[in-house]
Amino acid sequence: MSVFGLRTSNPAFTNYFWKKSKSYSSNKMTLGGIITKTLFMLVLVCCTAFYTWHLFFSGVVVKWHTSIGALVAVFCSIYISYKHNVAKYLLPVYALAKGFFLGGISAYAHKQIPNLPFQAVGVTLLTFFVMFFLYKWRVIRVTKAFRSAIITTSVTIFLLYFIRWIFWWFGISVFFLSGNSRFAIAFNICTAIVASLSLLLDFDYIHRYLGKASKEREWLATWGFLITLIWLYVEVVRLLKKITFRV
């Protein structure tokens, strides 16, 4: 099944992405290459996130840093999804822009609930390793039906968030996406679960194309992986905030 051409939880791993993966180059995609690039991008994310965090607690209003960072990251994602050969150039820009966004929301969350972002990082890392071992030991198998369900749910969630963002500019609040009601918390739990399960799709795609796709494609694999990890972190932050305020 394909939704908008997607065959995994994020736009990096598309049919077109792998259409030319069997190159005649001696350099092929490796796990080490993906890990190295992912770690480097996460360092870039942390740099601008810490900078925005510092500005926030220095009394600077970081609303524009957060908003523009999010918009630049979205623009980079859309452009990379259509022009895959620019991934290695735009991915650092994406990571830096995403860092401004994450730094802003994390600083605001920390001000409301001290140490919450650090707890969210811990939960995200724990979830990552749990999902990795679940995939490694085949406790959860990535079947076509499983993949289709996660893709469809992920696209629906992103569309809902996009609608919420449009409403936000007009001062309209969507009750099940905002607030601390039981329904809002339940929805947030579902999105966090979907984000976690999306890691399985990424593991599966990387596993299937290691040694087959060209070395250049490691940048796209890294981009897709970042999308899922950052999405998971954001969902964990939102969920912990709602639960804390609810209690």
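The structure presented is a predicted model; accordingly, all values stated were derived computationally and were not measured. By convention here, the first residue in the shown sequence is residue 1.
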Trainee: Just by modelled atom types, is the L239 backbone N or O under 3.5 Å from a matching donor or acceptor in the N188 side chain?
Mentor: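 Checking the backbone N and O of L239 against the side chain of N188, a donor-acceptor pair under 3.5 Å is found.
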Trainee: Name the residue from Y233, F133, F203 that meets the ring pair (Phe, Tyr, Trp, His ring centres under 6.0 Å) definition with F128.
Mentor: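 Only one option passes, and that is F203.
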Trainee: Mind checking the CG-CZ spacing from L201 to R147? Nearest 0.5 Å is all I need.
Mentor: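 Spacing of CG (L201) from CZ (R147) equals 6.0 Å.
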Trainee: Do the ring centers of H110 and F56 come within less than 6.0 Å of each other?
Mentor: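 No.
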Trainee: Could you tell me whether Y135 atom OH has more than 12 heavy atoms of other residues or ligands within 6.0 Å of it?
Mentor: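 Yes, because the 6.0 Å sphere around OH of Y135 holds more than 12 heavy atoms from other groups.
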Trainee: What is the minimum heavy-atom distance between T66 and G104, and which atoms define it?
Mentor: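 The answer is OG1-CA, 3.3 Å.
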Trainee: Run the numbers on T30 and I35 for side chain to side chain contact (heavy atoms under 4.5 Å, CB included), then give the verdict.
Mentor: CA-CA 9 Å; T30 64; I35 292 175; over 6 Å; no
Trainee: Look at the side-chain heavy atoms of Ile, Leu, Val, Met, Phe, Trp and Tyr, link any pair under 4.5 Å apart, and say whether F146 and F132 land in one connected group.
Mentor: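 Per the 4.5 Å side-chain linkage, F146 and F132 are co-clustered.
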Trainee: Please find the pair of heavy atoms, one from K241 and one from A109, that lie closest to each other, and give the distance.
Mentor: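 Here K241 and A109 meet closest at CD-CB, 3.9 Å.
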Trainee: Taking the six-membered ring of F167 as reference, does the NZ or CZ atom of R164 fall below 6.0 Å from its centre and within a 45° cone about the axis?
Mentor: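 No - R164 does not lie over the ring of F167 by the 6.0 Å and 45° rule.
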Trainee: Got a sec: does the CZ of F118 have more than 12 other heavy atoms crowding it under 6.0 Å?
Mentor: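 Counting other residues, nucleotides and ligands, CZ of F118 exceeds 12 neighbours.
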Trainee: Would you say that more than 12 heavy atoms from the other residues, nucleotides or ligands in this model lie under 6.0 Å from the OH of Y51, or not?
Mentor: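 Result for OH/Y51: open.
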Trainee: Measure across I105 and V234 and return the closest heavy-atom pair with its distance rounded to 0.1 Å.
Mentor: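 Taking every non-hydrogen atom into account, CD1-CG2, 4.0 Å.
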Trainee: Shortest non-hydrogen contact from L44 to L96?
Mentor: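 Taking every non-hydrogen atom into account, O-CD2, 3.6 Å.
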Trainee: Taking the side chain as every heavy atom from C-beta outward, state whether L55 and H65 have any atom pair closer than 4.5 Å.
Mentor: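 The answer is yes; the side chains approach within 4.5 Å.
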Trainee: A quick test of your reading: do over 12 heavy atoms of other residues, nucleotides or ligands sit less than 6.0 Å from CZ of F162?
Mentor: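 No, CZ of F162 has 12 or fewer neighbouring heavy atoms, counting only those of other groups under 6.0 Å.
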Trainee: Decide whether a cation-pi geometry holds between K37 and F40; the criteria are a distance under 6.0 Å from NZ or CZ to the six-membered ring centre and an angle within 45° of the ring axis.
Mentor: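 No, a cation-pi geometry is absent between K37 and F40.
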Trainee: Is it true that F50 and L116 fall in one hydrophobic cluster, defined by side-chain heavy atoms closer than 4.5 Å?
Mentor: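 Cluster IDs for F50 and L116 differ.
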Trainee: For a side chain to side chain contact (heavy atoms under 4.5 Å, CB included) with V74, tell me which candidate from V72, L71, I78 qualifies.
Mentor: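 Answer after filtering V72, L71, I78: I78.
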Trainee: Do V93 and Y79 come close enough that some side-chain heavy atom pair is under 4.5 Å?
Mentor: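 Of all side-chain heavy-atom pairs linking Y79 with V93, none is under 4.5 Å.
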Trainee: Measuring from I230:CD1 to F225:CZ, what's the distance to the nearest 0.5 Å?
Mentor: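 One gets 11.5 Å once the value is rounded to the nearest 0.5 Å.
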Trainee: Rounded to the nearest 0.5 Å, how far does OG1 of T228 lie from CH2 of W223?
Mentor: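 Here the interatomic distance stands at 10.5 Å.
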Trainee: Can you tell me how far apart CG (D202) and CG (L197) are? Round to the nearest 0.5 Å.
Mentor: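 Here the rounded value is 11.5 Å.
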Trainee: Do V236 and F129 land in one hydrophobic cluster if side-chain heavy atoms of ILVMFWY residues count as linked below 4.5 Å?
Mentor: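 Yes, V236 connects to F129 through the hydrophobic network.
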Trainee: Please give me the minimum heavy-atom distance between S198 and S154, naming the atom from each residue.
Mentor: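 Taking every non-hydrogen atom into account, OG-OG, 3.7 Å.
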Trainee: Answer yes if L232 and V142 sit in the same cluster of Ile, Leu, Val, Met, Phe, Trp and Tyr residues linked by side chain heavy atoms under 4.5 Å apart, and no otherwise.
Mentor: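 Yes, one cluster joins them.
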Trainee: Is the closest side-chain heavy-atom distance between L199 and L229 below 4.5 Å?
Mentor: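 They are in side-chain contact.
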Trainee: Less than 3.5 Å apart, any donor N or O on the side chain of S181 or K242 sitting next to an acceptor on the other?
Mentor: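 No pair is found: no donor N or O on one side chain lies under 3.5 Å from an acceptor on the other.
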Trainee: Decide yes or no for V237 and Y108: does some side-chain heavy atom of the first lie under 4.5 Å from some side-chain heavy atom of the second?
Mentor: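 A side-chain contact under 4.5 Å is absent here.
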Trainee: As a quick check of understanding, evaluate side chain to side chain contact (heavy atoms under 4.5 Å, CB included) for Q119 and L240, giving each step before the final call.
Mentor: CA-CA 9 Å; Q119 296 173 18; L240 291 178; 4.2 Å; yes
Trainee: Rounded at 0.5 Å granularity, tell me how far CD1 in I189 sits from CD1 in I243.
Mentor: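 These two atoms lie 5.5 Å from each other.
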Trainee: Applying a strict under-4.5 Å side-chain criterion to I, L, V, M, F, W and Y, I'd like to know whether L91 and V43 cluster together.
Mentor: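 L91 and V43: separate clusters.
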Trainee: Is any side-chain heavy atom of T52 closer than 4.5 Å to one of L102?
Mentor: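 In short, these two side chains do not touch, never coming nearer than 4.5 Å.
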Trainee: Which of parallel (below 30°), tilted (30 to 60°) and perpendicular (above 60°) describes F57 and W53?
Mentor: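 Rings of F57 and W53: tilted, as their planes differ by 30° to 60°.
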Trainee: Considering all heavy atoms of both residues, which atom of T48 and which atom of V45 are nearest to each other, and what is their separation?
Mentor: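 Closest heavy-atom pair between T48 and V45: OG1-O, 3.3 Å.
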Trainee: State, with a plain yes or no, whether a side-chain heavy atom of M41 is found less than 4.5 Å away from one of W219.
Mentor: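 M41 reaches W219 side chain to side chain.
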Trainee: Quick check on R138: does its CZ atom have over 12 non-hydrogen neighbours (other residues, nucleotides or ligands) under 6.0 Å away?
Mentor: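 For R138, atom CZ is crowded (more than 12 foreign heavy atoms under 6.0 Å).
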Trainee: How long is the straight-line distance from OG1 of T38 back to CD of E218, given to the nearest 0.5 Å?
Mentor: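 Rounded to the nearest 0.5 Å, the CD-OG1 separation comes to 9.5 Å.
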Trainee: Are L200 and D204 side-chain neighbours, meaning at least one heavy-atom pair lies under 4.5 Å?
Mentor: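 Answer no - side chains too far apart.
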